[in-house]
Asker: 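Here's a structure for you.
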Amino acid sequence: MIRSSAVSSVLILAAVACGDSTPPPVTPENNSAAEAKAAQPPVSTYNGKPKLGKFGVDTAGMDTSVKPGADFYQYAGGTWMKENQIPADKSKWGMFDQLREESDGNVHKILEEIAKAKNEKGSNAQKIGDYYATYLDTDAIEKKGLAPAKPGLDAIAAAKNINDIAKLMARPDLPLPGPIGMGVTLDQKNPDRCVVHVGAGGLGMPDKEYYSNEKFKTAREKYEQHIANVLAFSHEKKKDAKKDAADAKAVMALETKIAELHWARAARREKEKMYNPKSVADLQKDAAKFPWKLYMDTIGYGDQKDVIVGELDAIPKLADLFASTPVATWKAYLTFHFLRASADVLPKALDQEVFEFSKVLSGQPQQRERWKRAVSSTNGALGEAVGEIYVQRYFQPKAKAEMDRLIENIRKAYGIRIEGNDWMTAETKKAALEKLAAFRPKIAFPVKWKNYSSLEVVAGDAWGNDRKASLWHHEYKKAKLGKPTDKDEWSMTPQTVNAYYNPVFNEIVFPAAILQAPFFDPEADAAVNYGGIGSVIGHEMGHGFDDQGSKSDAKGVLRNWWAPADLEAFKKRTDALADQYSQYEPLPGVKVNGRLTLGENIGDLGGSNVAYKAYQLSLDGKPAGTIDGFTGDQRFFLGYAQVWRSVYRDEALKNQVTTDPHSPAMYRTNGIVRNHDAWYKAFDVKESDALYLAPEKRVKIW
């Protein structure tokens, strides 16, 4: 993605759930022949009517008082960043956030219209309209109080032993975490099947670092108080502040112990280390203190004989911790997490308490308006039903045709770059080109939509709708077990402003909502589009060749297809990039983790290199000319930098650096361009400039 998980990301991107068309192959050939073949016309013809500026770049948002070589991020967008305040209901503000606001606004119009109409019972429209309207009806939610949550609270209170606790954690109708969790995912060594994945979980703060790092000491103190505050809502009659405080301290101590056993995020990126096939019998033997059969029967996976285990050495220790923790502590833990996870469909006082603690992590001073949260919740419950309407209303079909052409140009340019690499042997190049040829693009929206006929939505029951939607999604994923995988399925809705790469299906996916300026504008200059959406396409393709995606072959199978010498040469280059990024410090004492962000940084660097190559090929040997005083190469790099204009709250920046595999926006610009030879020439960057890197220190991978 632009963010990621079981699936890799570009700019930001996401995980993929559990008939395949393959693009024409890219065959090894000499560079001159390949370049001739790849010399396609630009993705758009500049006609002076783009959404941004005169040619697709918001030149008014630049800060030309800053030298490009001193800080290209500020040069390309400094004025915009000075003039744009972060909205009170946001923790950051940038191009992605701006487009998401637009997308949410468009979805809001759709939902308002549907909610006011008379819709046939059982239709998608009825479900969308009633779900949305009921979520908005805070008076009805307030009137019911905590009554909807009482059965769940009573079930937790009734737990008598550790087996009862395990059953509660496994119940798919309750939003309860645990130190060990399970879910359905794609099998990385067999793309044709889905499997049960077992991994570590159970934390209420974003990462294990929050429980130990000194810079999060204040967050820890406020989290413990937050636990006590939420527990106070669980008392039907008399409050017991002393007991709540003691329970909060016990829950905090428990989560701290869980956090100590979690792997670091950078370690969890290592695909082969996270892929450990085990039989359920093995689990019962190796981690005997956890009631595996009971848990799996309760969650609905009881007929599965084998699973994939993530943090292998952590699971037995978490099983021991599970068994040794007093039942009373687990009951407090589950009560807290149950109420916290359900706060948005419970009374405002609880909802506000949950938001107040979220401010500690994000710095966001104001909760989003209820309608915005209703849009998000409805998208989460019925995303593709909403997306089908969104595409009909807001997607321009011509954008898909332009994207088809652009993707093939980027694919061809990638082939040329691979073939031209001087550090890869012919054998590995051949395998890489086979993988490139097998990339399957998905653009705008799915070829078939999810069927929500079995999901019941009832007007006036916000709690029930939330629970039924969660249970529907659980059953939807569970139904994948034992069946062939569906390679037409999407893991993002069309109204999502993002993109992703799924290594198991070897596919690149671009939802409709990202196909807009500043990423993509059919009316903009070609250089800008190649710098924007072209680099995004190259980024997603690049995930197939980053430090983790490169561990899967053309069919998506997790295996080594590299010659040993090539792997060593590749690692030398990726290590150098990781070292570069580990030196960046967006806030005093807060450094980027070059290992955690390595895959995304490779995607950015390789994607922009390939997009630049494709742009050069699109010119077919003709000069790009200047527009408004900017050369073609300058317009390309401005188009690239423009998409990363962002402003952050400090808390959000700390959170991102700690938890997110994507580098902060300033380094997705400056950290990339300083490794591009063409950028130096385009902006006359000198050795005395702050961003200057000696040629031998510039990282070149793809």
Side-chain angles (χ1 to χ4, degrees), residues 1 3-9 13-18 177-203 206-209 258-280 282-283 286-287 290 292 301 304 306-319 477 480-481 485 491 500-506 543-553 555-562 567 571 574 578 593-600 602-603 658-662:
M1 283 171 211
R3 263 194 213 279
S4 96
S5 108
V7 178
S8 298
S9 71
L13 301 193
V16 171
C18 276
I180 295 172
M182 292 187 189
V184 177
T185 188
L186 292 167
D187 186 340
Q188 293 190 74
K189 290 197 174 180
N190 182 356
D192 294 325
R193 76 163 192 155
C194 284
V195 291
V196 172
H197 183 271
V198 176
L203 301 182
D207 185 77
K208 66 177 292 173
E209 287 290 310
I258 294 172
E260 289 170 356
L261 299 176
H262 275 220
W263 285 13
R265 282 186 181 255
R268 296 205 304 271
R269 290 189 64 249
E270 301 293 333
K271 291 172 65 174
E272 73 283 2
K273 293 178 182 177
M274 292 291 288
Y275 186 91
N276 302 285
K278 293 284 180 180
S279 68
V280 175
D282 287 336
L283 279 178
D286 298 340
F290 191 77
W292 296 100
Y301 304 152
Q304 299 299 299
D306 58 279
V307 297
I308 305 297
V309 180
E311 301 95 316
L312 188 59
D313 60 359
I315 299 302
K317 297 172 187 175
L318 288 167
K477 292 175 183 176
K480 298 172 183 293
L481 295 169
T485 53
S491 292
Y500 68 90
Y501 169 67
N502 176 5
V504 187
F505 286 169
N506 197 28
H543 277 306
F545 302 106
D546 69 20
D547 65 313
Q548 298 305 314
S550 61
K551 294 174 180 177
S552 299
D553 66 14
K555 295 181 179 179
V557 177
L558 179 60
R559 72 173 184 86
N560 178 38
W561 46 269
W562 293 69
L567 202 55
K571 188 176 185 303
T574 59
N593 184 335
R595 288 291 160 191
L596 175 61
T597 59
L598 182 56
E600 299 301 326
I602 293 171
T658 303
T659 66
D660 199 326
H662 301 82

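FYI, side chains are in, hydrogens and waters are out, and symmetry mates aren't considered; it's all heavy atoms of this structure.
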Asker: What is the distance from atom CG of Leu558 to atom CE of Met274, rounded to the nearest 0.5 Å?
Answerer: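 Here the rounded value is 12.0 Å.
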
Asker: Are the side chain of Asn276 and the backbone of Ile308 linked by a donor-acceptor contact shorter than 3.5 Å?
Answerer: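 No.
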
Asker: Could you grab the distance from atom CZ of Arg265 to atom OG1 of Thr597, nearest 0.5 Å is fine?
Answerer: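 Rounded to the nearest 0.5 Å, the CZ-OG1 separation comes to 13.0 Å.
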
Asker: If only atom types and distance count, is the side chain of Arg269 paired as donor or acceptor with the main-chain N or O of Arg595 below 3.5 Å?
Answerer: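 Looks like yes, one N/O pair under 3.5 Å.
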
Asker: Set out, in order, the CA-CA distance, both residues' side-chain angles and the distance that settles side chain to side chain contact (heavy atoms under 4.5 Å, CB included) for Lys278 and Leu312, then state yes or no.
Answerer: CA-CA 10 Å; Lys278 293 284 180 180; Leu312 188 59; 3.8 Å; yes

Asker: Does a side-chain heavy-atom distance below 4.5 Å link Leu203 with Ile258?
Answerer: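 Heavy-atom side-chain distance check passes, below 4.5 Å.
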
Asker: With rounding to the nearest 0.5 angstrom, report the CG to NZ distance, Asn190 to Lys555.
Answerer: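 Reported value, rounded in 0.5 Å steps: 11.5 Å.
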
Asker: Between Tyr275 and Gln188, is there a donor-acceptor pair closer than 3.5 Å when you use the side chain of the first and the backbone of the second?
Answerer: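 No; judged by distance alone, with no hydrogens or angles, the pair does not exist.
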
Asker: Go through the structure and list residues passing ring-ring contact (aromatic ring centres under 6.0 Å, His included) with Trp561, not counting sequence neighbours.
Answerer: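 In terms of ring-ring contact (aromatic ring centres under 6.0 Å, His included), with neighbours along the sequence ignored, Trp561 is linked to no residue.
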
Asker: Heavy atoms only: give me the nearest Pro177-Gly202 pair and the separation to one decimal.
Answerer: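 Minimum heavy-atom contact is CB-CA, 4.4 Å.
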
Asker: What distance separates Ser550 OG from Trp562 CH2, expressed to the nearest 0.5 Å?
Answerer: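 So the gap between those two atoms works out to 5.0 Å.
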
Asker: If every non-hydrogen atom of Lys271 is compared with every non-hydrogen atom of Lys551, which pair is closest and at what distance?
Answerer: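 What the structure gives for the nearest pair is N-NZ, 4.2 Å.
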
Asker: Only one of Val196, Asp286, Asp282, Leu283 clears side-chain contact (heavy atoms from CB on, under 4.5 Å) with Val309; which?
Answerer: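 Single side-chain contact (heavy atoms from CB on, under 4.5 Å) partner of Val309 among Val196, Asp286, Asp282, Leu283: Leu283.
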
Asker: Identify the heavy atoms of Ala200 and Ile315 that sit nearest to each other, and give their distance.
Answerer: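 Result for this residue pair: N-CD1, 4.1 Å.
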
Asker: Using every non-hydrogen atom in the two residues, find where Ala266 and Asn593 come nearest and quote the distance to one decimal.
Answerer: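 Closest heavy-atom pair between Ala266 and Asn593: CB-ND2, 4.3 Å.
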
Asker: For the OG1 atom of Thr185 and the CZ atom of Arg193, what is their distance to the nearest 0.5 Å?
Answerer: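 Thr185 OG1 to Arg193 CZ: 11.0 Å, rounded to 0.5 Å.
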
Asker: Any side-chain to backbone donor/acceptor pair from Lys208 onto His262? Under 3.5 Å, distance only.
Answerer: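 Between the backbone of His262 and the side chain of Lys208 there is a qualifying donor-acceptor contact (under 3.5 Å).
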
Asker: Could you please spell out the steps behind the side chain to side chain contact (heavy atoms under 4.5 Å, CB included) verdict for Phe505 and Thr485?
Answerer: CA-CA 10 Å; Phe505 286 169; Thr485 53; 3.7 Å; yes

Asker: Looking at Asp207, is its backbone amide N or carbonyl O close enough to the side chain of Thr659 to form a donor-acceptor pair, meaning the two atoms are under 3.5 Å apart?
Answerer: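 Not a single qualifying donor-acceptor pair exists.
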
Asker: For Lys571, give me all partners under side-chain hydrogen bond (donor to acceptor under 3.5 Å, both in side chains), at least two apart in sequence or on another chain.
Answerer: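 Applying side-chain hydrogen bond (donor to acceptor under 3.5 Å, both in side chains) to Lys571 gives Asp575.
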
Asker: Is Val198 close to Trp292 at the side-chain level, that is, under 4.5 Å between some pair of heavy atoms?
Answerer: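 Touching, per the 4.5 Å side-chain cut-off.
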
Asker: How many angstroms lie between atom CG of Leu318 and atom CD1 of Ile180, to the nearest 0.5 angstrom?
Answerer: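 Spacing of CG (Leu318) from CD1 (Ile180) equals 5.5 Å.
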
Asker: Just so I know, are the side chains of Glu272 and Gln548 near enough to count as touching, which here means a heavy-atom distance under 4.5 Å?
Answerer: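 Sidechains of Gln548 and Glu272: in contact.
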
Asker: What pair of heavy atoms forms the shortest contact from Val557 to Lys189, and how long is it?
Answerer: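 For Val557 versus Lys189, the nearest heavy atoms are CG1-O, 3.8 Å.
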
Asker: List the residues meeting ring-ring contact (aromatic ring centres under 6.0 Å, His included) with Trp263, not counting sequence neighbours, and say none if there are none.
Answerer: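 Applying ring-ring contact (aromatic ring centres under 6.0 Å, His included) to Trp263 gives none.
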
